[in-house]
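Shown next, in structure tokens, is the structure this report addresses.
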Amino acid sequence: MPSKVIPLAQAAALVPDGATLSLGGFTTQRHPMAFVYELIRLRRRNLYLFGHSPGGDWDILIGAGCVKRVELAYEADEAFATIGPRWRLAAERGQIEWEDYSNFSMVARFTAGAMGIPFMPLRSLLGSDVLARGGLSAEARAADPRTSALKLFEMQSPFDPRDRVVLVPAIHTDFAILHVQKATANGIVRIEGQTFADVQQALCAETVIVTCEEIVAEESLRSEPERNLIPMFAVHYVCPVPWGAHPYAVFNCYDYDPRQLKRYHGCAESDAGFQTYLDQYVLGVKTHVEYLNAIGGAERLESLAADPAYGYRPDLQRRRLDE
Amino acid sequence: MPSKVIPLAQAAALVPDGATLSLGGFTTQRHPMAFVYELIRLRRRNLYLFGHSPGGDWDILIGAGCVKRVELAYEADEAFATIGPRWRLAAERGQIEWEDYSNFSMVARFTAGAMGIPFMPLRSLLGSDVLARGGLSAEARAADPRTSALKLFEMQSPFDPRDRVVLVPAIHTDFAILHVQKATANGIVRIEGQTFADVQQALCAETVIVTCEEIVAEESLRSEPERNLIPMFAVHYVCPVPWGAHPYAVFNCYDYDPRQLKRYHGCAESDAGFQTYLDQYVLGVKTHVEYLNAIGGAERLESLAADPAYGYRPDLQRRRLDE
Amino acid sequence: MSDYTLTELMAVTAAHEIQEGEVVFAGTGLPMLGAMLAQRTHAPGCCIIFEAGTVASQLAHLPMSVGDPRAMRGAATAAGLSEVFSYVLQAGRVDVGFLSGAQIDRYGNINSTSIGLDPGHPQVRFSGSGGACDIACLARRTVIIALHEKRRFPDKIHYVTSPGWLEGGESRERAGLVRGGPDVVVTTKGVMRFRPDTKAMYLASYHPGLTALDVAQDTGFPLDVSEAVQTPSPDPQELRILREVVDPERVFRK
Amino acid sequence: MSDYTLTELMAVTAAHEIQEGEVVFAGTGLPMLGAMLAQRTHAPGCCIIFEAGTVASQLAHLPMSVGDPRAMRGAATAAGLSEVFSYVLQAGRVDVGFLSGAQIDRYGNINSTSIGLDPGHPQVRFSGSGGACDIACLARRTVIIALHEKRRFPDKIHYVTSPGWLEGGESRERAGLVRGGPDVVVTTKGVMRFRPDTKAMYLASYHPGLTALDVAQDTGFPLDVSEAVQTPSPDPQELRILREVVDPERVFRK
């Protein structure tokens, strides 16, 4: 089977302005950050993002002006920052369009898309303003096929009229970009640890790009097929990008980087600070290798490398950092 | 956490007459046969079976008169027998009630039950008599809450009226019985190889009984949690039953037994032959160990043991058996 | 005939329906022979899928069921029916699926459920759909394998287990099916295809040793044979691989 | 106060809401402290679940997010959000879920989305639901953790992110919710519960150093304090475990 391996910069260039996409990972783990930085360097505009609980991957894209609309449940780095600073400011300033869902409903939307059905029924959302209210008008929805015609639809079960469910509409994106531990050149993917909604996000996308810590031989992944969750023919491009999720964690590879996260959140609270961060760590460097040098190089990375017995760094200093 | 281990006979005795149940496995692999033989010895009656592609596990239960109604897509041993002989005869003689579905729709019904939703939408079945016709009358359905009020329901998507889907009703059974390779005493389960619909069957059942080839230490399964698919609190009872799926295969443990399958299918074509088989291999033995002796004992079993490099027996003679 | 059997001819003919790189949803028996032969000859990159949960197997021994441990050999992914049916088949990722049945009508609708006008009181009961209805509804195209006898190709079948072109024309699309439909029928007597407009079956080729008329006479509905040619004989190299590599145990080969 | 902090008091109080053997859906922060403390004290068999995909973790280090690699430690199952939300939460297998928010009303409805009457033009935007709405709808009962300030307990919240008892009485059931509802609110000032009939919040206990009236005055709706007692102080053994075993790094402990 032909190789699907391409350089990161070439993969990022596949995403045009106005594209719909989802990014793998969850708050503080396995975001395709190297890919995100490339999109910012390419100055992509008017992207439509779909996610459940993204973190700084979205926040920096929003701050860099790449994003027109988001459909989401949450955007923050949890204990590192309870709301993404650029997302908060963009929302409060009216610089971004959005629609609020919950994690379960967004994941169910990806799942419906992945399964090839138009909707999924849920017992969540009933009684909430997530169901009762919408961020986008009917006109805005009708005008743009990238967003579902209806936000949600409540119905009675035909099998028992006392049963009420909410139908959530399927998502289909142009792209899904995942960052994983291992992949083969021909697109077999191994995710270690929590899978989040990466599988469903991949399977509801037209084009799937996987960045990985390591390209491995086919036999090594075929020997345990129970752990390869994405059919290989659904993966279109594979990019080897070691440390590709920094400053976020990758189970069994490295931990999150509390110092860099603190730096980001410190800077991103103000427009000027954010621009400084962008200039220093994204626009001012040309490649991910240069980025890794900018954040502290081998010494910093070594301090984050996972202890194989834990899959993370048990001695990592996470609080009371004085730089 | 307290142990969930109980003897097989005690576990089987939990299933009362008239219970609804599903059995794990698919045609020729991982059926909880030792449990099935116990149900026959207990002379259970009026069972309601739900399945996608069962094999001889159902056929022998049907033949032994244990079953009142089945909802299914298929019942056969594939290349060993293209229809289960006792199921065929029971259907042709009007001795059993049934409803026909497809594999996908039955699995989606289990999945809906497992997910806690009343139905799942599908794009299959449209245009077929599986959708257009039913085996059970509206009166029969209304009279028995063990069966869904409607077989199926066709609807337009509220998100796009051109989209049509079939809603399949959730299944909830009293029991699910699985046979797996490994389990811990407190209910962590490891399935190796194809999972079939075992996970969904377990999760839509009120009580889950797992029979296993081997009870293993908790650490050995917790070290690879990505491969334990059933939340441990959903498993109620665990029974160690080596060779518990014979004459069917268990990946990485043993192959199917072509000679015993030939014997069954040869006998089961006639009422007298079937009774002889039952007497010799089920009713005439008291325990699974006695059964294993009856089918040939250690010598036969050794000839079926899997080659670890394959997970099955590459040199197994499967055709042109002359006993 | 000659130096090959009818089963071998059908296996080779079925293999030719698989193109390089395609995703193939294979069932037990002849479809496995065809898919494995294609993978060992002209379509090494075809991806074999079994509904019981395996994707991209590199079979070393023929499975006797789609849930056989042999299907695990070299698989890239192993999961369950739900993953294969929803994420692969329903999502539109299967290029070609294989079907068979007891009765087939002129539009490629298939009965594998029962004989008798009331399926609730069958004269003969078969195994039922299994995954056949789902493959018929959701694969991009299907290949039907069948024994060719007049009673198996009747004017009207007793139960539509697996929808083909329904009443022909655009009736399949009108029923709400989003893709697919039967592409070819490979039988013990010939190869039939479907007219693009009416979706009626016609004879594309008759097997060596038979005539087009022989096939038409063994078909229970009028069969247009005007374009029929003789089915090509298997290539010796294909036969060798089929016999020595694909099915040396003669699991399905007769 | 004394030899423990307010955060420690709240963590211990939250831990007491978890019973032995229960399935606990925990979020980042105080709920993790409470769940881990319960597991190390009176409820060793409680099963800690994180929505990002882990079941029955045996935490060695406090996660800083529910998707933290630390959540993998000793887990019995690791999968994704879909498995946890559908097979565990929606299926009714979660005994207790934890919630927090920026605004909470007398019926335990929670706003964690935005301040301002039009959520499309927020004065202050928060992170949004995350899994909170789902936990509020689908757990068997919920424990709410909050800072206690008058503006955070208003007469009317601006957005119902997570449904509590809605308008009280049987309104939750009428909305179609099949189970659950808030059981208790643990704040920086006291512990509140809900009347079985009206579902209105009342003060169950006020923290040491405060009076019932103090709490009522810092609440934006009328709060029945007639049954309020003082919140029990943490047991020294619990405090020791919280400090030495659960959070020696002071990740969440203040």
Side-chain angles (χ1 to χ4, degrees), chain A residues 1-4 107-108 110-121 170-173 176 180 182-191 195 197-208 210 216-236 238, chain C residues 18-25 38-39 43-60 67-97 134-135 137-140 176-180:
Chain A
M1 220 169 284
S3 170
K4 297 172 179 175
V107 170
F110 286 122
T111 304
M115 292 176 69
I117 48 179
F119 56 81
M120 180 71 77
I171 292 171
H172 295 280
T173 62
V180 307
K182 293 173 186 160
T184 65
N186 62 1
I188 306 177
V189 171
R190 174 70 53 87
I191 297 173
T195 55
D198 281 22
V199 175
Q200 294 88 349
Q201 288 175 226
L203 293 174
C204 74
E206 187 69 28
T207 300
V208 175
V210 171
V216 298
E218 221 174 312
E219 310 80 71
S220 83
L221 297 194
R222 283 195 192 258
S223 68
E224 210 176 356
E226 296 94 335
R227 293 195 54 185
N228 309 329
L229 303 177
I230 303 175
M232 59 193 297
F233 44 79
V235 173
H236 302 86
V238 175
Chain C
I18 297 168
Q19 308 301 315
E20 170 58 349
E22 286 194 323
V23 176
V24 182
F25 201 109
Q39 203 177 52
C46 79
C47 186
I48 301 177
I49 291 188
F50 296 118
E51 67 191 84
T54 49
V55 172
S57 302
Q58 299 170 327
L59 299 175
D68 195 309
R70 284 157 189 77
M72 287 293 293
R73 190 74 190 161
T77 293
L81 286 86
S82 180
E83 289 80 4
V84 168
F85 278 120
S86 56
Y87 291 159
V88 181
L89 181 64
Q90 186 168 252
R93 299 176 189 274
V94 171
D95 294 301
V96 54
D134 310 308
I135 296 167
C137 289
L138 296 166
R140 290 180 176 276
L177 290 165
V178 287
R179 72 178 79 89

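Below, chain A is the first sequence line, B the second, and so on; all start at residue 1. As a basis for the values below, the full set of heavy atoms in this structure was taken, side chains included, without hydrogen atoms, waters or symmetry mates.
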Q. Heavy-atom distance under 4.5 Å to chain A: side chain of Ala79(C), backbone, both or neither?
A.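 No part of Ala79(C) comes within 4.5 Å of chain A.
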(Q) Counting only non-hydrogen atoms closer than 4.5 Å, does Ile49(C) touch chain A with its backbone (N, CA, C, O), its side chain (CB onward), both, or neither? (A)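 Contact with chain A is through the side chain of Ile49(C) alone.
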Specify the closest pair of heavy atoms between [X] and [Y], including all atoms of both residues, with the distance to one decimal.
X	Y	value
Pro231(A)	Val55(C)	CB-CG1, 4.3 Å
Arg222(A)	Ala76(C)	NH1-N, 3.6 Å
Pro225(A)	Ala75(C)	CB-O, 3.3 Å
Ala114(A)	Ala91(C)	O-CB, 3.5 Å
Gly116(A)	Gln90(C)	O-CG, 4.0 Å

Where does [X] contact chain C at under 4.5 Å (heavy atoms): side chain, backbone, both or neither?
X	result
Gln200(A)	side chain
Ile188(A)	side chain
Glu224(A)	neither

Q. Around atom CD of Glu206(A), are there more than 12 heavy atoms of other residues, nucleotides or ligands at under 6.0 Å?
A.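 Incorrect, the count does not exceed 12.
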Q: Only counting residues at least two apart or in another chain, list the ones meeting side-chain hydrogen bond (donor to acceptor under 3.5 Å, both in side chains) with Gln201(A).
A: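 side-chain hydrogen bond (donor to acceptor under 3.5 Å, both in side chains) check on Gln201(A) returns Ser22(A), His52(A).
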Q: Calculate, to the nearest 0.5 Å, the distance between atoms CG and CZ belonging to Leu203(A) and Arg93(C) respectively.
A: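 Between Leu203(A) CG and Arg93(C) CZ, I get 5.0 Å after rounding to 0.5 Å.
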Q: Please round to the nearest 0.5 Å and tell me the distance separating atom CZ of Phe85(C) and atom CE of Met115(A).
A: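 Answer rounded to 0.5 Å: 12.0 Å.
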Q | Pairs meeting criterion side-chain hydrogen bond (donor to acceptor under 3.5 Å, both in side chains) with involvement of residues 69-82 of chain C, two or more places apart | A |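 Passing the test, one end in residues 69-82 of chain C: Asp255(B)-Arg70(C), Tyr256(B)-Arg70(C), Asp68(C)-Arg70(C).
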